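Start at 1 and go down the list; that is how both ligands and their atoms are numbered. Side-chain atoms are counted along with the backbone in the values below, which use heavy atoms only and exclude waters and symmetry mates. These numbers were taken from a predicted model, which means no experiment stands behind them.
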Amino acid sequence: MANLLKAELIRKSYKVSNNPFKARYLQVLQGVSFSINPGQTLAVVGESGSGKSTLARILVGAEKPDTGELLFNGHNVLADKKFAWYKSIRMIFQNPRSSFNPRLTIEQILAEPLINSRAFNRFEIQKKIRIALERVGLRAEYASRYPHTFSGGQRQRIAIARALILNPKVIVADEPVSALDVSVQAQIINLLLDLQEELDLAYIFISHDLGLVQHFSDKVLVMHKGVQEEYGPVGEVFSQPQSQYTQKLLNASAGYKRAIEI
Ligand SMILES: Nc1ncnc2c1ncn2[C@@H]1O[C@H](COP(=O)(O)OP(=O)(O)O)[C@@H](O)[C@H]1O
Ligand SMILES: [Mg+2]
């Protein structure tokens with residue numbers, strides 16, 4: 001059976017000089033491959049600038065790779081312009097403050113993807129918003145409030161509700177808890193784990209925190225300057241890292257050494 005999501009040799013470069021005689025390109029992803037199935041978590045780790053967010057944007061269709069394939073249930077999504085895979089793969093960003101339009105109420109924020117999909121009437125939209133808020137542990141009455149009236153943790157719950165509202169199969173979470181206090185981080189991670197179990201979601205979890213990754217993930221993809229250094233089951237990669245870079249990353253991570261209690 002085909003994997004839920006499979007990436008094959010994804011490459012991406014950005015033009016970094018506009019000189020027509022001397023175009024320069026920055027190779028941001030140099031052949032990234034992985035696969036993931038329902039209920040699994042793939043962690044993507046690597047220092048800042050290694051290409052993690054670029055990979056995330058490609059996975060949700062916000063950018064196109066130069067070459068490589070993305071297969072969703074075996075379906076080559078990059079080759080098929082009509083196939084709306086972005087409904088099935090949704091993103092959660094690091095900073096819940098900047099990811100919302102401050103002039104919209106929570107109801108308007110959550111309604112947006114539903115209205116854009118043109119698949120639901122007003123009554124269905126309201127019902128879905130109520131269910132989504134309850135699912136992330138927020139009260140349905142909050143729908144009429146504005147984002148700035150919530151705490152960081154509550155805003156990240158709203159971001160999760162928005163990501164879930166079209167019933168996706170894959171959630172790409174780009175450092176979803178690194179802007180939050182440690183105690184709130186644990187609550188959000190627990191919520192993500194509960195939702196994964198309830199909805200059989202696949203997570204692509206971008207994180208700096210190797211302790212969290214070890215606790216939370218099935219597989220890990222280690223990125224270094226756009227190169228895929230290592231990819232495999234998290235237990236194997238962390239106990240017997242094959243690449244020097246992974247070893248360095250593990251040694252540098254204080255969080256890896258303390259056992260995280262969630
Ligand atoms: N639109 C862009 N144009 C040019 N360079 C970019 C663009 N987006 C990202 N980059 C560069 O690509 C590299 C990887 O960035 P990014 O994917 O954000 O890494 P990470 O999320 O791992 O920190 C960085 O060197 C960054 O400066
Ligand atoms: Mg990033």
Inset, instruction - Could you tell me whether Arg103 sits above the aromatic face of Tyr146, with NZ or CZ closer than 6.0 angstrom to the six-membered ring centre and within 45 degrees of the axis? - result: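 Relative to the ring axis of Tyr146, which defines the angle, Arg103 lies outside at least one limit.
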By number and element, which atoms of ligand 1 are closer than 4.0 Å to a non-hydrogen atom of [X]?
| X | answer |
| --- | --- |
| Ser48 | 23 (O) |
| Leu26 | 11 (C), 25 (O) |
| Ser53 | 17 (O), 18 (O), 20 (P), 21 (O) |
| Ser50 | 19 (O), 20 (P), 22 (O) |

Inset, instruction - Test side-chain contact (heavy atoms from CB on, under 4.5 Å) on Leu5 and Leu71 and set out the steps. - result: CA-CA 6 Å; Leu5 182 66; Leu71 300 159; over 6 Å; no
Legend entry - Within the 6.0 Å centroid threshold, strictly below: Phe216 and Phe205: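 Yes.
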Legend entry - CD1 on Ile129 to CG on Leu133, rounded to 0.5 Å: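 These two atoms lie 7.5 Å from each other.
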Who's the nearest protein heavy-atom neighbour of [atom], and how far?
| atom | answer |
| --- | --- |
| atom 16 (P) of ligand 1 | Thr54 OG1, 3.7 Å |
| atom 6 (C) of ligand 1 | Tyr14 CD1, 3.3 Å |
| atom 20 (P) of ligand 1 | Gly49 N, 3.5 Å |

Inset, instruction - State whether the shortest distance between N or O atoms of Gly51 and N or O atoms of ligand 1 falls below 3.5 angstrom. - result: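 Yes, since at least one N or O of Gly51 sits under 3.5 Å from an N or O of ligand 1.
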Inset, instruction - Scan the protein's non-hydrogen atoms and note whether one is under 4.0 Å from atom 14 (C) of ligand 1. - result: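 Protein heavy atom within 4.0 Å of atom 14 (C) of ligand 1: present.
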Legend entry - Protein contact for atom 27 (O) of ligand 1 (heavy atom, distance under 4.0 Å):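 There is no protein heavy atom less than 4.0 Å from atom 27 (O) of ligand 1.
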Legend entry - Side-chain ion pair, Arg135 and Glu198, N-O less than 4.0 Å: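 Looking at Arg135 and Glu198, the cut-off is met.
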Legend entry - Under 2.8 Å: N/O/S of Ser53 next to the Mg ion (ligand 2):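 It does; at least one qualifying atom falls short of 2.8 Å.
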Legend entry - Contact list for residues 113-125, test side chain to side chain donor-acceptor pair (under 3.5 Å), sequence neighbours left out: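 As it turns out, there is no side chain to side chain donor-acceptor pair (under 3.5 Å) pair with a partner in residues 113-125 once direct neighbours are skipped.
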Inset, instruction - Please confirm whether the backbone N or O of Lys12 pairs with a side-chain atom of Thr54, one donor and one acceptor, at under 3.5 Å? - result: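 Judged by distance alone, no pair lies under 3.5 Å.
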Inset, instruction - Assess whether atom NZ of Lys219 is packed by more than 12 heavy atoms of other residues, nucleotides or ligands within 6.0 Å. - result: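 Result for NZ/Lys219: enclosed.
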Legend entry - Residue Gln244 excluded, over 12 heavy atoms near CD under 6.0 Å: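 At most 12 heavy atoms, drawn from other residues, nucleotides or ligands, come within 6.0 Å of this atom.
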Inset, instruction - Could you tell me whether ligand 1 has any atom less than 4.0 Å away from a heavy atom of Arg57? - result: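 The answer is yes, since Arg57 has a heavy atom less than 4.0 Å from ligand 1.
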Inset, instruction - Could you establish whether Gly46 and ligand 1 come within less than 4.0 Å of each other, counting only heavy atoms on the residue side? - result: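 Not so, Gly46 does not reach ligand 1.
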Inset, instruction - Show your reasoning for whether side-chain contact (heavy atoms from CB on, under 4.5 Å) applies to Gln94 and Asp174. - result: CA-CA 6 Å; Gln94 173 173 357; Asp174 193 353; 5.6 Å; no
Inset, instruction - Mind checking whether Val28 contacts ligand 1 via backbone (N, CA, C, O), side chain (CB onward), both or neither, at a 4.0 Å heavy-atom cut-off? - result: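 Side chain only; the backbone of Val28 stays clear of ligand 1.
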Legend entry - Leu55, portion touching ligand 1 at heavy-atom distance under 4.0 Å: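 Neither part.
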